[in-house]
A.B. asks: 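The structure follows.
In the text below, chain A, chain B and the rest are named by the order of the sequence lines, each starting its count at 1.
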There are 2 protein chains.
Amino acid sequence: MARAGTKRVVGKPGATDTEGTKGALVAATVDALREVGLAGASAREIARRAGCNQGLVFYHFGSVTTLLLAALDSVSTARRVRYHDAVDGAPGLSELVDVAAAIFEEDLNAGYIAVLVEMIGGASSIPGLGAEVRARIAPWRAFTADAVRRSLGESPLAHLVTPDELAHAIVALYLGLEMLAHLDDDRAPALALFDRARQLAGLVAALAPPAPTKESP
Amino acid sequence: MARAGTKRVVGKPGATDTEGTKGALVAATVDALREVGLAGASAREIARRAGCNQGLVFYHFGSVTTLLLAALDSVSTARRVRYHDAVDGAPGLSELVDVAAAIFEEDLNAGYIAVLVEMIGGASSIPGLGAEVRARIAPWRAFTADAVRRSLGESPLAHLVTPDELAHAIVALYLGLEMLAHLDDDRAPALALFDRARQLAGLVAALAPPAPTKESP
DNA sequence: GTCTATACTTGGATAGAC
DNA sequence: GTCTATCCAAGTATAGAC
């Protein structure tokens, strides 16, 4: 929103800051990354989207790079909470694929993964960015490996691949699907693939019954 | 090579041009994309790597964007020949995974896919680039779908996924693996994954014998 | 905290000498 | 074809008024 005339409503000072200029800048950065990419996400472009002055980027964040990382943090933590909750409610492989598909669609539509992809792709351009991005991707990899480990533990698939390998492949596939969807501006193939995964997960579950609850050894 | 003192050897004029200033600029662009990313691949940086003057980028290619696309073309066509030949020599699924692994390793080491990834990622930053990149990725998708179709035709897997779906997933996985490998500067996980795929392909082949040559119905 | 103004840098692109 | 010199636009970052 434009500064002149329209005041933003300010939340509690300690809050997760989706309000206030700092929050607006972070949100604008996410939008910019999604729509015009890393190269297009300049201080001026971001400030324009946030409806404030370019200088405030440097007042609040010190540099554009820092703001970019703040945006990555914001998306990353918000989404991880969402994923964590969803995966908690999914006991087996089949349910896991179900929730993964649902949230992936959210991500794809909201452009959250686009932010990830832009930052990873741009990591080689901006010196020092690589390490920072890597650190922020790490929790995702750990999270994925954990989810795979838990829902694959009892399945026959566990004898075909290690959880870490599978997790690495899943993260890579995730990123790749986003790249293609973004390039084509078409999410259909990615979603169709999830539908197929759902079918296959059901098939695997039928072949190897889920060992309902394992207790008292 | 530096212009002062060292002259480049010039090949036949009509050749695929890895020699001459034009060729040197294309090669330098590939290097730059790989090492400093799209944002770092400026006319000055490219010319420096090619050992010539910045103005020559515009003399020979008109704009930096055109040169970037020329570099993408160069890598894309060269690699496609390589892939095509390799896949031709691979009759079944197992052999296909074998050659795919081998060439993927080449690509990963030489940074060819990095060029693809940088261009796809940067497509949203530079207006009009998206369509051009899309057109240059299209043959890869067709190629992959074709290879999948041919080597999956007889296999039981063909009843679980359509070739187009599988091809889309493979291309996405390919791009994603490159992103992660580039981010970590570590190709080991991607290569381990191919080893695993090789095992699994062997397993599938053992379960469903390849129907050696299908002729005379 | 926010805005205006400005210094400084880098990069795309062109003109003209050789 | 290549190089030097230069223009112009856009971006980062800072200083200072309000």
Side-chain angles (χ1 to χ4, degrees), chain A residues 1-13 15 17 19-29 32-33 36-71 118 122 125-129, chain B residues 1-11 13 17 19-29 32-33 36-71 118 122 125-129:
Chain A
M1 292 301 146
R3 266 225 84 267
T6 316
K7 264 288 183 192
R8 269 185 303 272
V9 184
V10 181
K12 290 162 203 155
D17 253 330
E19 298 301 335
T21 298
K22 265 186 98 157
L25 281 171
V26 170
T29 304
L33 280 173
V36 293
L38 183 69
S42 67
R44 286 181 157 91
E45 172 65 21
I46 292 167
R48 193 186 58 76
R49 287 168 182 264
C52 72
N53 189 272
Q54 170 255 145
L56 291 182
V57 167
F58 303 96
Y59 174 80
H60 285 293
F61 295 93
S63 75
V64 175
T65 303
T66 313
L67 173 53
L68 290 168
L69 288 171
E118 283 297 322
S125 294
I126 304 173
L129 191 60
Chain B
M1 292 301 145
R3 265 226 85 267
T6 316
K7 265 288 182 193
R8 271 184 302 273
V9 184
V10 181
D17 253 328
E19 300 299 339
T21 298
K22 266 186 97 156
L25 281 171
V26 169
T29 304
L33 281 173
V36 293
L38 183 69
S42 66
R44 289 179 159 89
E45 171 67 20
I46 292 167
R48 194 186 57 76
R49 288 169 183 264
C52 73
N53 188 272
Q54 171 256 144
L56 291 182
V57 167
F58 303 95
Y59 175 79
H60 286 292
F61 294 93
S63 74
V64 175
T65 302
T66 312
L67 173 52
L68 289 168
L69 288 172
E118 284 295 323
S125 294
I126 303 173
L129 191 61

A.B. asks: Please give me the minimum heavy-atom distance between L25(A) and C52(A), naming the atom from each residue.
C.D. replies: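 What the structure gives for the nearest pair is CD2-SG, 3.8 Å.
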
A.B. asks: Which donor-acceptor pairs under 3.5 Å do side chains of residues 54-65 of chain B form with protein atoms, sequence neighbours excluded?
C.D. replies:
from: S63(B); atom 1: OG; to: T66(B); atom 2: N; distance (Å): 3.2
from: S63(B); atom 1: OG; to: T66(B); atom 2: OG1; distance (Å): 2.8

A.B. asks: Quick one: closest heavy-atom pair of V26(B) and A71(B), and the distance?
C.D. replies: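 Taking V26(B) first and A71(B) second, the nearest heavy atoms are CG1-CA, 3.9 Å.
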
A.B. asks: Taking CG from L38(B) and C1' from dT10(C), how many angstroms apart are they, rounded to a whole number?
C.D. replies: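 After rounding, the reported distance stands at 16 Å.
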
A.B. asks: Distances for protein N/O vs nucleotides 6-11 of chain D N/O pairs under 3.5 angstrom?
C.D. replies:
from: dG11(D); atom 1: N7; to: R44(A); atom 2: NH1; distance (Å): 3.0

A.B. asks: Partners of A28(B) by side-chain contact (heavy atoms from CB on, under 4.5 Å), sequence neighbours excluded?
C.D. replies: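 With sequence neighbours excluded, A28(B) shows a side-chain contact (heavy atoms from CB on, under 4.5 Å) to I46(B), R49(B), A50(B), given in chain and number order.
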
A.B. asks: Can you sort out the partners of R48(A) under salt bridge (charged side-chain N to carboxylate O under 4.0 Å, His left out), two or more places apart, ordered by chain and number?
C.D. replies: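 Counting only residues at least two positions away or on another chain, R48(A) forms a salt bridge (charged side-chain N to carboxylate O under 4.0 Å, His left out) with E45(A).
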
A.B. asks: What integer distance in Å separates L56(A):CG from dA13(D):P?
C.D. replies: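 Distance, rounded to whole Å: 15 Å.
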
A.B. asks: Check the phosphate of dT2(C) against T21(A), side-chain N and O only, distance under 4.0 Å to OP1 or OP2. Yes or no?
C.D. replies: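 For dT2(C), OP1/OP2 do have a side-chain N/O of T21(A) under 4.0 Å.
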
A.B. asks: Round to the nearest Å and state the distance from Y59(B) atom OH to dG1(D) atom P.
C.D. replies: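 Interatomic distance, OH of Y59(B) to P of dG1(D): 4 Å.
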
A.B. asks: What are the two closest heavy atoms between L68(B) and A41(B), and how far apart are they?
C.D. replies: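 Nearest pair, atom of L68(B) first, then A41(B): CD2-CB, 4.3 Å.
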
A.B. asks: Check whether any side-chain N or O of E118(B) sits under 3.5 Å from a backbone N or O of L38(B) as a donor-acceptor pair, and report yes or no.
C.D. replies: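 Such a contact is found between E118(B) side chain and L38(B) backbone.
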
A.B. asks: Name the pairs: protein N/O against N/O of nucleotides 15-18 of chain D, kept only if under 3.5 Å.
C.D. replies:
none

A.B. asks: Taking CD1 from I126(B) and C1' from dG11(C), how many angstroms apart are they, rounded to a whole number?
C.D. replies: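 Checked: the CD1 to C1' distance equals 12 Å.
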
A.B. asks: The side chain of F58(B) is closest to which nucleotide in this list: dA13(C), dT14(D), dT2(D)?
C.D. replies: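 Ranking dA13(C), dT14(D), dT2(D) by closest atom to the F58(B) side chain puts dA13(C) first.
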
A.B. asks: Atom CG of N53(A) to atom P of dT6(C): distance rounded to whole Å?
C.D. replies: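 Taking CG of N53(A) and P of dT6(C), I get 14 Å after rounding.
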
A.B. asks: Whole angstroms only, please: what is the CZ-C1' distance between R49(B) and dG11(C)?
C.D. replies: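 Rounded to whole Å, this separation is 16 Å.
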
